[in-house]
Amino acid sequence: PAPAAAAMAEERACCVVSVSGLPDAPTPAAGPWSCSGVVLSRGPGLVLCQGAVFAPLLRDGPAAWAQPRTLRPDALRPRLRLARLLALVPCGAFQRALARAFGRAEQWRFGGEAAGDDLRALHWFAWLRVPGLDSPGGGWTARAGAGCLRKGEGLLACGSPFGALCPDLFLNTLSRGVVSNLAGEENALILTDARCLPGTEGGGAFLPSPAGPRLVAVIAASFCWKGAEWVGLTLLCSLAAILRSSTSVLDEAGIVVPPAPGWAGAVQAGSGQDPLAWAALVECGAAWGSGVLLAPRLLLTCRHVVEAGALLRVTPAPSPGRAATVLRGRVVFATEESSPFDVAVVELEESVPAFVPPRLADTFLPGEEVSVVGFGALGHACGPSVTAGVLSAVVAVAGRPVMLQTTCAVHGGSSGGPLVSSRSGCLLGIVASNTRDTGAGATYPHLNFCVPITILQPPVARYCRTGDPSAFAALNRAGKGVRAAWRLQRQPGPPSKL
């Protein structure tokens with residue numbers, strides 16, 4: 001645990017776990033291997049960490065991860081000295097959520113120093129009894145169930161990058177983010193945009209509260225890739241799900257887990273706007289992306305998501321009082337390929353029930369907190385994801401904003417989704433793209449570009465009055481300055497590699 005007297009509660013609840021084979025073992029292993037951990041109790045001293053850190057010591061090798069049963073200490077070659085391994089436990093609810101959310105066809109990979117690319121280890125966790133942590137009057141770390149979580153809610157992740165490499169610098173560092181997506185029984189699987197590094201696996205994710213932070217989840221994987229695309233999200237497993245899977249192990253050890261107090265997430269004061277209710281999944285043949293509803297039958301998305309004249313399937317995100325329903329739509333306008341504004345307008349055949357239209361922004365404040373809602377990453381499986389960041393730049397030509405840049409994590413499938421002001425709840429624009437370096441072949445999810453709503457609002461208003469798609473024709477007549485900005489190109493200058 002962090003030694004500083006002024007350490008935050010999150011830091012006091014976390015630690016580093018280092019594992020190595022005994023030097024006198026018949027076949028000494030290399031090691032040591034390390035990861036982060038959470039101190040769940042100091043009476044008795046109890047640590048929970050990822051199970052994959054023990055992979056090099058398994059008698060049966062990686063094949064042991066494929067079984068559904070708990071692994072006892074005799075499943076390891078050596079025995080631990082400073083801590084007693086109670087068991088390695090698979091979390092069934094997390095495993096089932098993983099299988100549903102991350103399809104094999106989409107080539108998901110998860111990074112971590114211990115876990116590598118072995119997906120079979122992701123849902124395994126280790127219980128350690130650590131007598132050195134016993135403290136008179138010590139109790140359990142405050143915790144909350146993941147069932148109360150909502151997308152967009154703030155989280156604080158705590159872990160040690162690179163494990164035991166340099167604890168003086170890296171022990172129990174903090175990263176702030178939001179709940180990006182949820183899946184499984186009582187939200188067993190959680191995605192957050194809090195940025196974590198290899199070695200933080202096993203660390204904790206905490207919910208802020210007036211009474212202090214509450215541990216809600218354990219970091220399962222710090223990096224996620226979908227095919228060749230770095231997604232920039234961190235994978236968490238609900239602590240409550242791990243505890244449910246560990247009942248027999250803790251009972252046998254005589255450890256009584258106190259009930260978690262009731263918890264209800266704080267309701268944010270604000271505009272009453274619900275950005276999740278504006279987002280919709282837009283499918284055109286095998287292609288899909290996001291869209292933002294402006295009216296019960298009017299949706300904006302990106303040109304590259306749809307085909308002119310094609311029949312679309314539009315699925316508005318479910319919300320209280322509104323189930324997910326697939327609606328038919330048709331493209332009534334799409335900008336030309338030569339237009340810098342990648343925009344399409346879709347009319348729905350039926351109205352979205354109980355729809356409350358967004359309030360549209362008329363000013364943009366660089367540095368303000370924003371969020372993106374879209375069906376990137378897990379969109380098909382788990383509904384829209386939410387990522388948070390700041391409005392990093394407002395690009396203007398002749399005094400008129402023509403491009404918004406943000407630091408939100410944006411992925412393939414997010415195109416067309418809403419960019420929202422966290423301060424006012426107003427719609428700022430629609431997501432057009434993230435950034436790809438064509439020279440290096442790298443995608444940067446945290447540098448992305450949006451079409452300002454102030455560009456789109458006047459033609460939308462004219463179209464709503466007249467029903468004439470030619471109201472959008474001005475989007476095809478942008479000047480040279482606007483075109484250069486959207487080509488990410490200095491004027492004059494060579495073609496941009498972005």
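Values reported hereafter were calculated over all heavy atoms of this structure, with side chains retained and with hydrogens, waters and symmetry mates removed.
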Checklist entry - Where do Val390 and Thr406 land on the side chain to side chain contact (heavy atoms under 4.5 Å, CB included) test, with the steps shown first? => result CA-CA 6 Å; Val390 300; Thr406 89; over 6 Å; no
Next on the checklist: Let's go through Val420 and Trp278 carefully: what are the C-alpha distance in whole Å and the side-chain angles of both, what is the deciding distance for side chain to side chain contact (heavy atoms under 4.5 Å, CB included) to 0.1 Å, and is it a yes or a no?
Outcome noted: CA-CA 10 Å; Val420 183; Trp278 310 337; 3.7 Å; yes
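A donor-acceptor contact shorter than 3.5 Å is absent between the side chain of Lys151 and the backbone of Leu182. No donor-acceptor distance shorter than 3.5 angstrom exists from the side chain of Thr407 to the backbone of His446, with no hydrogens or angles considered. Under a 3.5 Å cut-off, the side chain of Thr387 and the backbone N or O of Asp193 do not form any donor-acceptor pair. The main-chain N or O of Gly203 is never found under 3.5 Å from a side-chain atom of Thr200 such that the two would form a donor-acceptor pair. Side-chain N or O atoms of Arg129 include one that pairs as donor or acceptor with a backbone N or O of Gly45 at under 3.5 Å. Listed for the Ser41 side chain is a donor-acceptor partner under 3.5 Å among the backbone atoms of Pro44. With hydrogens and angles ignored, the 3.5 Å screen pairs no side-chain donor or acceptor of Arg214 with any backbone N or O of Ala142. Of the possible polar contacts, one joining the Asn172 side chain to the Glu11 backbone as a donor-acceptor pair under 3.5 Å is found.
Taking both residues in full, the closest heavy atoms of Ser160 and Cys15 are given as OG-O, 4.4 Å, listed atom of the first, atom of the second, then distance. Residues Asn181 and Cys382 share a closest heavy-atom pair of OD1-O, 3.1 Å. Pairing each heavy atom of Leu207 with each of Ala144, the nearest pair is CD1-CB, 4.3 Å. When every heavy atom of Ala164 is checked against every heavy atom of Ser34, the shortest pair comes out as N-OG, 2.9 Å. Closest approach of Phe375 and Ser290 over heavy atoms only: N-OG, 2.7 Å. The minimum heavy-atom distance between Val386 and Ser371, with the atom names listed, is CG1-CB, 4.2 Å.
A perpendicular orientation is assigned to the rings of Phe170 and Phe162, their planes being inclined by more than 60° (bins at 30° and 60°).
Checked against side-chain contact (heavy atoms from CB on, under 4.5 Å), Ser135 has the following partners two or more places apart in sequence or in another chain: Arg42. Listed by chain and residue number, Cys49, Phe54, Leu85, Leu88 satisfy the side-chain contact (heavy atoms from CB on, under 4.5 Å) test with Ala126 (two or more places apart in sequence, or in another chain). Among residues two or more places apart in sequence or in another chain, the side-chain hydrogen bond (donor to acceptor under 3.5 Å, both in side chains) test is passed with Asn187 by none.
With rounding to the nearest 0.5 angstrom, the CZ atom of Phe449 is 15.0 Å from the CD1 atom of Ile430. With rounding to the nearest 0.5 Å, the separation of OG in Ser238 from CZ in Arg244 is 6.0 Å. Note that the CG atom of Leu128 and the CG atom of Leu46 stand 8.0 Å from one another [nearest 0.5 Å]. Here Arg195 contributes atom CZ and Thr234 contributes atom OG1; the two are 10.0 Å apart, rounded to the nearest 0.5 Å. Here the CG-CG distance, from Leu122 to Leu98, works out to 6.0 Å after rounding to the nearest 0.5 Å. With values rounded to the nearest 0.5 angstrom, Ile255 atom CD1 is found 10.0 Å from Ser246 atom OG.
Within 6.0 Å of CD on Glu369 lie no more than 12 heavy atoms contributed by other residues, nucleotides or ligands. Open room surrounds CD on Glu186; 12 or fewer heavy atoms of other groups in view lie less than 6.0 Å from it.
For Ser421 and Glu368, the side-chain atoms include at least one donor-acceptor pair closer than 3.5 Å.
When side chains are defined from C-beta on, Val38 counts as touching Leu215, because their heavy atoms get closer than 4.5 Å.
A salt bridge links Glu252 with Arg72; the closest basic N to acidic carboxylate O contact falls under 4.0 Å.
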